[in-house]
Colleague: 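This is the structure, below, for whatever I ask next.
Remember, it's 1-based here, ligands and their atoms both numbered in the order they're listed.
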Amino acid sequence: MQKLALLGGTPLFKKTLKPCNSFGKEEVKAVTNVLKGQVLSGFLARAGNSFLGGKYVKKLEKDFCEYFNVKYAVSFNSASTALQAAVGALGVGPGDQVITSPFTMSATPSAVLWNNALPVFADISEDNFCIDPKDIEKKINKKTKAILAINLFGNSPDYRQILKIAKKQNLKVIEDNSQSPGAVSGGKLTGTIGDISVFSFNFHKAIQAGEGGILLTNNKKYAFRAQLIRNHGEAIIDDLYGENKIYEPILGSNFRLTEIQAAIVVEQLKKLKKLNQQRIALANYLTKRLECYLWLIAPKVAKNNVHVYYVYPLRFLKEKIGISRKTFAQALSAEGFYVAEGYQKPLYLMPMYQKKEIYPNSKFPFLSKEFSNQAKYEKGICPVAERMYEKELLFCTICQKPYTKKEIDLFCAAVKKIEENVEELKKYEKKK
Ligand SMILES: *Cc1c(COP(=O)(O)O)cnc(C)c1O
């Protein structure tokens with residue numbers, strides 16, 4: 001029996017690999033072309049063609065429309081601002097509620113708050129860590145306007161049920177697809193299922209441009225409202241009112257993407273399929289090799305779904321092995337494979353929600369005449385999300401470049417080594 005590195009043995013894997021970076025000469029050439037043209041942004045905040053951006057921004061949006069077979073794509077300087085615009089495009093505002101998951105990046109529910117509406121948290125499913133349709137139904141009331149679902153870790157929630165609920169209750173659906181470009185849910189590409197979807201291009205997402213995001217929709221009005229929000233809405237609204245008097249005023253800001261970033265994303269989109277395929281192949285290989293462990297649950301992929309493994313999530317069942325998640329994570333990290341514990345603390349437990357305060361001397365919009373004390377953020381409202389955060393969830397990035405099958409074999413050897421040494425680890429835990 002090999003001695004564990006955590007207990008003084010030799011680690012199985014000693015190298016440190018730099019995280020995945022898919023930039024190549026294509027991106028360098030694209031940026032050079034933009035610089036040669038010397039137009040780094042083609043936007044103007046007034047009525048006319050430049051209101052929609054420059055050459056590369058328009059090319060990027062056209063490419064996304066083709067790739068995802070949607071009518072409209074509106075680029076943004078981040079997924080966070082795209083989410084803010086998505087909520088605004090639906091016309092959601094004070095007095096409205098949006099049901100979302102607490103197991104996501106803070107930007108998702110913040111997009112609701114930026115529109116002065118209230119995020120209501122529904123629990124997640126332990127099978128995919130995404131919002132659970134059964135709990136959505138319980139959280140609907142007459143103020144609910146939309147469901148903001150997150151396609152987490154490369155996977156997606158049960159949209160068949162979500163769309164059924166939305167139709168029955170007359171709710172709109174937004175997909176936060178920041179982590180799952182190229183994934184499939186019920187046979188359809190994620191990002192094409194809801195009324196509006198949002199993607200991220202920040203530096204650690206699958207499509208990378210430093211910063212950036214995009215919004216997709218088939219609804220002309222939503223697309224136009226999103227374009228207004230992106231580009232100082234009121235500046236052009238005045239002109240449009242004069243022309244045809246059809247558009248409502250809207251609050252906008254500068255959420256525009258630069259030409260350089262757009263040119264990079266055009267190249268990155270071409271690489272998406274291949275990068276996804278590489279991650280899927282490694283993840284499938286790993287999942288197969290972990291089947292023998294009852295205490296370590298590999299990701300589940302529902303029928304007609306494709307998981308693109310932005311990260312590779314695992315569930316750790318303490319009662320089936322007898323050591324804590326922390327000890328397991330430490331032992332695995334000591335062998336050379338860093339695993340993160342818990343992902344995101346369920347967001348309602350963060351101070352902003354606990355204190356119900358985002359402005360000094362005001363509880364708006366959490367407690368206001370629009371909401372008559374309806375913001376419920378106490379511990380226990382989403383027990384599955386809390387259990388994943390506190391006890392079960394682990395994730396790693398070994399299913400992506402530069403890792404290969406060779407490192408996955410070593411990862412599996414480390415898991416095996418930990419199981420073989422579990423009695424030693426129990427003693428180690430007692431001593432601490
Ligand atoms: C990264 C991320 C965002 C925010 O993306 P930015 O482009 O950095 O603003 C939003 N939602 C989820 C689920 C994310 O992972």
Colleague: Can you list the ligand 1 atoms lying under 4.0 Å from a non-hydrogen atom of Ser178?
Modeller: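 That gives atoms 2 (C), 3 (C), 10 (C), 11 (N), 12 (C), 14 (C), 15 (O) of ligand 1.
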Colleague: Ring-plane angle category for Phe64 and Phe199, please: parallel below 30°, perpendicular beyond 60°, tilted otherwise.
Modeller: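 It falls in the perpendicular class, over 60°.
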Colleague: Under 3.5 Å between some N or O of ligand 1 and some N or O of Glu211?
Modeller: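 So ligand 1 has no N or O lying under 3.5 Å from an N or O of Glu211.
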Colleague: Using the ring-ring contact (aromatic ring centres under 6.0 Å, His included) rule, collect all pairs that involve residues 112-144, keeping only residues at least two apart or in two chains.
Modeller: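 As it turns out, the ring-ring contact (aromatic ring centres under 6.0 Å, His included) pairs with a partner in residues 112-144, which skip direct neighbours, are Phe121-Tyr348, Phe121-Tyr353, Phe121-Tyr377, Phe129-Phe153.
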Colleague: Measuring from the heavy atoms of Gly212, does anything fall under 4.0 Å of ligand 1?
Modeller: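 Contact check Gly212 vs ligand 1: positive.
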Colleague: Please identify each residue that fulfils side chain to side chain contact (heavy atoms under 4.5 Å, CB included) with Lys14, with sequence neighbours left out.
Modeller: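 By the side chain to side chain contact (heavy atoms under 4.5 Å, CB included) rule, Lys14 matches Thr10, Pro11.
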Colleague: For atom 2 (C) of ligand 1, what is the closest protein heavy atom, and at what distance to 0.1 Å?
Modeller: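 Checking every protein heavy atom, the shortest distance to atom 2 (C) of ligand 1 gives Lys205 NZ, 2.6 Å.
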Colleague: Check whether Thr217 reaches the backbone of Ile196 with its side chain - one donor and one acceptor, N or O, closer than 3.5 Å.
Modeller: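 Checking the backbone N and O of Ile196 against the side chain of Thr217, no donor-acceptor pair under 3.5 Å is found.
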Colleague: Among all the protein's non-hydrogen atoms, which is closest to atom 3 (C) of ligand 1, and how far away is it?
Modeller: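 Checked against all protein heavy atoms, atom 3 (C) of ligand 1 sits closest to Met105 SD, 3.3 Å.
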Colleague: If you measure from each non-hydrogen atom of Thr108 to ligand 1, which part falls under 4.0 Å: side chain, backbone, both or neither?
Modeller: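 Side chain only.
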Colleague: Which residue and atom name correspond to the protein heavy atom nearest atom 9 (O) of ligand 1, and how close is it?
Modeller: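 Looking only at protein heavy atoms, the one closest to atom 9 (O) of ligand 1 is Ser80 OG, 2.5 Å.
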Colleague: Any donor-acceptor pair under 3.5 Å linking the side-chain atoms of Tyr159 with those of Asn305?
Modeller: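 Looking only at side-chain atoms, Tyr159 and Asn305 do not form any donor-acceptor pair under 3.5 Å.
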Colleague: In ligand 1, which numbered atoms sit nearer than 4.0 Å to a non-hydrogen atom of Thr104?
Modeller: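 Counting from 1, the qualifying ligand atoms are 13 (C).
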Colleague: Please list, in number order, the atoms of ligand 1 under 4.0 Å from a heavy atom of Ser78.
Modeller: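 That gives atoms 7 (O), 9 (O) of ligand 1.
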Colleague: Measure Ile150 to ligand 1 on non-hydrogen atoms and call it side chain, backbone, both or neither using the 4.0 Å cut-off.
Modeller: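 Side chain only.
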Colleague: State, without any angle test, whether Ser78 and Thr81 hold a side-chain donor-acceptor pair at a distance under 3.5 Å.
Modeller: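 Yes - a donor-acceptor pair under 3.5 Å links their side chains.
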Colleague: For the 3.5 Å polar cut-off, considering only N or O atoms, please tell me whether Gln179 and ligand 1 meet it.
Modeller: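 Yes: some nitrogen or oxygen of Gln179 is under 3.5 Å from one in ligand 1.
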Colleague: Looking only at side chains, do Ser22 and Gln268 share a donor and an acceptor under 3.5 Å apart?
Modeller: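 Yes.
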Colleague: Just need the protein heavy atom nearest to atom 11 (N) of ligand 1, so name the residue and atom and give the distance.
Modeller: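 So the nearest neighbour among protein heavy atoms is Asp176 OD2, 2.7 Å.
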Colleague: List the closest protein heavy-atom neighbour of atom 7 (O) of ligand 1: residue, atom name, distance to the nearest 0.1 Å.
Modeller: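 Protein heavy atom with the smallest distance to atom 7 (O) of ligand 1: Ser200 OG, 2.7 Å.
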Colleague: Looking only at side-chain N and O atoms, does Asn141 offer a donor or acceptor that is under 3.5 Å from a partner on Gln97?
Modeller: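 A pair is found: one side chain offers a donor N or O, the other an acceptor, under 3.5 Å apart.
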Colleague: Test Tyr312 against Phe395 for ring pair (Phe, Tyr, Trp, His ring centres under 6.0 Å), laying out the working first.
Modeller: CA-CA 5 Å; Tyr312 188 90; Phe395 67 90; over 10 Å; no
Colleague: Asp96 and salt bridge (charged side-chain N to carboxylate O under 4.0 Å, His left out): which partner among Lys142, Lys143, Lys145?
Modeller: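 Checked Lys142, Lys143, Lys145 against Asp96; only one passes salt bridge (charged side-chain N to carboxylate O under 4.0 Å, His left out): Lys145.
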Colleague: Looking at ligand 1, does any of its N/O atoms fall within less than 3.5 Å of an N/O of Ala79?
Modeller: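 Between Ala79 and ligand 1 (N or O atoms, distance only) the closest approach is under 3.5 Å.
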Colleague: Considering only the protein, which heavy-atom contact is closest to atom 8 (O) of ligand 1, and what is its distance?
Modeller: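 Checked against all protein heavy atoms, atom 8 (O) of ligand 1 sits closest to Asn202 ND2, 2.8 Å.
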